[in-house]
Every structure is written in structure tokens, then in C-alpha cells.
Amino acid sequence: MKEAETAELFNKELDALLQDGRGHAFSPDPGAMALAGELARADFSGQSLIKESLRERLAGNEAGGLLEALRSLFSNNYARAAITAAVLVVAVLPLARRHAGRAPEITAPIAAARLLLPEEAAHERGPVSRLRAAPEPSRNARGGGLFASIPMARLETEPLKDFPITSAGSGSPVVLAEGREVELENGSGIVFETEGEVFTLERRIITPEDIFERRVI
Amino acid sequence: MNFTELYDRYFAKVYNYVRYHVRLPDETDDVTGKVFEAALNRFETYDAARAPVQAWLFTIARNAVIDWARARNKRNEVSLDDAAEQPGTEPRAEAALEKKEEAGMLLEAVAGLDERSRDIIALKFSSGMTNRDIALMTGLGESNVGIVIYRAVKKMQAVLEAKRKL
């Protein structure tokens, strides 16, 4: 057998050995294949003293590389302007949303003007048009005049719960007793009893007079 | 694959490849460290469409070994025969010592090859690359790579058999 043919056969068997790790009988030269097996199994990496430390250092550099990439990004004027604009948008967006949420509060005094001075308001073009432009008050607001109750879920009691505060002294944890539903004039409520106090959580329709004193200018 | 995964998967292979060339454990650590530092620096620019990650990494390793050999020649250092595995002074289990001696003999046998054969043997047995991949990397023909491997193994076999008879 020529050397080229022997080498080809040897390499075929060597590839199979490297792939599946099993030894094959290389008939022309079993000793050569045995040595190839030794070389394939040889692993000197256990003698490395830097394997772990190098890994940690490179992992650190990898993170540092991200910072470096950000730094180089900021060195570009266009990128810097775009990023600054994006940051401003992100910062201003919550403020804009907050103002949008305040819109009903702004319309309330205008509605109050209509309630308190209906005749005068009707004769004045400007304020009337402004009043018309204001959002329509809800059905509750129309029924209750100036103030409308905020839609609330029905009051319900819940099982006993341990209050997540323990007393500093010798007392036992504060326990909130189960609420007791009661009927009230113009509404309902839940009476809660704690160790030292009894209080009532009420839900009832109120009039402006319950809260404010009306004065005529 | 991120860089840490690449490191975990290929550290041992690259270390073994470098060790076949460098032989000295401390210097092998240095060169291997340089290989992975260079790989990290170029990792962002690595294009998987151009070459498998193994070929890319071992190209870096080959260059690092070439740089190390040039630097060693400039320093005019002593032969690597001095780097033969020295038996440890601590008491060791006989099997472990034997294993270390075997490893030392293998390294010596590889070191006895000419530079091209050593490089091909190191690539073949540490990276597990195919002869075609090695041919692409070294610029040789695929069948030529096969013949170099076969001849190198035969030469090492003769050297080792002679040593074991002693």
C-alpha cells in the first residue's frame, strides 16, 4: 500500500476517533492509531494557573467594553444630540401626562361659576362659551350640583388580617377586627373595631354644604 | 454565543494548542491570556458568515504563537529542552506522576517535530478541526495535511517507543 493511501485511511479512522472518541483498529499500523488516541485524550489545561482569574478579568473587560462603546457613541455629535433629545422626551413625558390628568380640576371652578352665578353667566358671552367648551359634568355631578362623588367600588369587609406592625412594647400585634356593615342615613358604612378604637368608614352622598360654607358676594 | 461562553468552550483547546508549541506552563498561560484578550478585542467585529468561530479563534492563537516564537528568538533564549516536565518535589500518587510523565513525553515528542508538522498536529488534536479546515488555515492542500499528520504521528511513535524502551 502506498503511503498516500495509508495516510488517507489513517486520517479517516482518526476523524472517526476524534468525533466519537472510540478507538478503531487501524490494521496497517495499530500503534500509530493508539498514539493518536493518546494525543486526542491529552488535556494539559488543568495545569493552567490563570483559567479562572483570566475568565473573571475578561468578563470585567467585556462589561467595560460596553461602557467604552457608550463613551465612543457620545463622542459622535449627531449621536449625542439624538440621545439628549431622547432623554429629554423621556423626562418631559411624565410631566405632560400629569398636566393632562389635572384638566378636570381646572374645569371645576368654571362649573362652580355656573352654579353660583347662573344668570350672570348666561348673559356673558365669553364665560358661557368657555363653560360650553368645558367637559360635561357626569350624571352624578348633575344630580348633586357642584360636586360629584368619585366612582368607588362597593365597600366590602375582608377576613381578619394581622396588621403588619408589631407594637414596640409588651403588647401583642395590632389586630384589625373584621368590619361590620351598617346602614347609615344616605349611605352605608363599615364599622371597624381595633384593640383600642372603634371607627366607621362611611360611604354616603354629601352636599356642598356638608363641606363648604356658602357666602354670597 | 457571548464571549464568556466562547471562553468556557474553547479555553482548554486553545491552551492545549499553545502548550504543544510553547511547552512551558507559565508561558503557555501568558500566550493563552493574550489569545483571549485579542479575541475579546475583536469579538465585536467577528463575522460568523466569514468563518466558524473555531477557525477564527485558532487563527488568533496561531498568530499569538508566532509572535511568542519571534520574541523568544529575539531574546535568544535557551532551548525548550530545559522545559521538560520536571518531577514534582511533593509526594504524589504514583499514577498521577506517571500520567504527568506521559504528558511530558507526549509534549516532548510533539516538540521534536518540525515547525509545520507541530502546528498541524497541534491544530488537529487540540482544536479537533477537520483536515479541510486546517488546509484552509495553513494554505496547504487537504491531502497534504493528511500526509503530514500521518508522518508526524509515525515519527512521534518511533520516538516514544525508543524512550519507553529505555
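Proteins come first, then strands; the chains are lettered A, B, ... in the order of their sequence lines, and each starts at number 1.
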Residue of the set B:Y15, B:F125, B:Y20 for which ring pair (Phe, Tyr, Trp, His ring centres under 6.0 Å) holds with A:F44: B:Y20
Under 4.5 Å to a heavy atom of chain A? For B:K13 that would be neither
Hey, do the aromatic rings of B:Y17 and B:F58 have their centres closer than 6.0 Å? yes
Quick check on A:L35 against chain B: is it the side chain, the backbone, both or neither that has a heavy atom closer than 4.5 Å? side chain
Excluding sequence neighbours, so at least two apart, what forms side-chain contact (heavy atoms from CB on, under 4.5 Å) with B:R164? A:E38, B:E102, B:M105, B:L160
Per-residue contact mode, B:E37 against chain A (heavy atom under 4.5 angstrom): both
In Å and rounded to the nearest 0.5 Å, what is the CZ to CD distance from B:F11 to A:E52? 8.5 Å
Rounded to the nearest 0.5 Å, the CG atom of B:L107 sits from the OG1 atom of B:T28 at a distance of 8.5 Å
Under 4.5 Å from any heavy atom of chain A - which part of B:N131: side chain
What part of B:V145 lies closer than 4.5 angstrom to a heavy atom of chain A: side chain, backbone, both or neither? neither
B:R118 side chain vs B:L113 backbone, donor-acceptor pair below 3.5 Å: yes
Under 4.5 Å from any heavy atom of chain A - which part of B:D8: side chain
Does any heavy atom of chain A fall under 4.5 Å from the side chain of B:I147, the backbone, both, or neither of them? both
